[in-house]
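Written below as structure tokens is the structure these notes are about.
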Amino acid sequence: MDEKRLKAFEDMLAAILKQYDDTTEKLTKLKTEGKEKSVTYRQLFSKKMQLQAMLSYYRAYGLIDEK
């Protein structure tokens, strides 16, 4: 059971990190296009903040390897 839970956690963490990277990339693209005031940019920015908050909990508990 513990191995199964650890695998699920690792998969979830990888998914969150990928979403964070993808969202950051999309935000950068929109910013270079001068679309910082668009609804899409604001929605992605909000999503980035939510993902950042989740990742901060993982860091606080030492669950993310800092590179």
Side-chain angles (χ1 to χ4, degrees):
M1 181 67 166
D2 288 337
E3 287 180 34
K4 191 175 183 180
R5 288 185 71 181
L6 179 59
K7 171 80 169 100
F9 168 77
E10 293 291 340
D11 291 345
M12 181 183 72
L13 178 57
I16 291 170
L17 288 169
K18 182 173 180 353
Q19 284 182 33
Y20 182 82
D21 291 341
D22 291 347
T23 301
T24 301
E25 186 177 310
K26 289 175 186 175
L27 283 169
T28 301
K29 183 176 184 259
L30 288 171
K31 190 171 185 175
T32 59
E33 296 171 358
K35 297 182 179 178
E36 296 97 335
K37 302 220 184 243
S38 70
V39 172
T40 301
Y41 184 91
R42 291 173 189 219
Q43 288 173 335
L44 288 171
F45 187 80
S46 175
K47 181 179 178 178
K48 180 182 174 183
M49 294 298 104
Q50 289 174 331
L51 293 168
Q52 227 171 22
M54 292 174 71
L55 292 171
S56 70
Y57 280 109
Y58 295 138
R59 282 188 191 91
Y61 285 91
L63 299 172
I64 294 179
D65 295 332
E66 295 298 327
K67 295 177 184 172

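- Rounded to the nearest 0.5 Å, atoms CG (Asp21) and CD1 (Ile16) are 12.0 Å apart.
- For the atom pair OG1 of Thr40 and CZ of Phe45, the computed distance is 15.0 Å after rounding to the nearest 0.5 Å.
- Listed by chain and residue number, nothing satisfies the salt bridge (Lys or Arg N to Asp or Glu O under 4.0 Å) test with Glu3 (two or more places apart in sequence, or in another chain).
- For CD of Glu25, the number of neighbouring non-hydrogen atoms (other residues, nucleotides, ligands) closer than 6.0 Å is 12 at most.
- Between Lys37 and Arg42, the shortest heavy-atom distance links the atoms O-NE, 3.4 Å.
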Only pairs under 3.5 Å count here: list side-chain donor-acceptor contacts from residues 46-61, not counting sequence neighbours, and write none if there are none.
from	atom 1	to	atom 2	distance (Å)
Gln52	NE2	Tyr20	OH	3.1
Ser56	OG	Ala53	O	2.6
Arg59	NE	Glu66	OE2	3.1

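- Taking CG of Leu6 as the reference point, atom CD of Glu10 lies at 5.0 Å (rounded to 0.5 Å).
- Here the shortest heavy-atom pairing between Lys35 and Tyr41 reads O-CB, 3.3 Å.
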Check the pair Lys26, Asp22 against salt bridge (Lys or Arg N to Asp or Glu O under 4.0 Å), reporting the backbone distance first and the verdict last. CA-CA 6 Å; Lys26 289 175 186 175; Asp22 291 347; over 6 Å; no
List the steps, then state whether salt bridge (Lys or Arg N to Asp or Glu O under 4.0 Å) holds for Glu33 with Lys29. CA-CA 6 Å; Glu33 296 171 358; Lys29 183 176 184 259; 3.3 Å; yes
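- Considering only heavy atoms from C-beta on, Leu63 stays 4.5 Å or farther from Leu13 through its side chain.
- Two residues are said to be in side-chain contact when any heavy atoms from C-beta on lie closer than 4.5 Å; Met12 and Phe9 meet this criterion.
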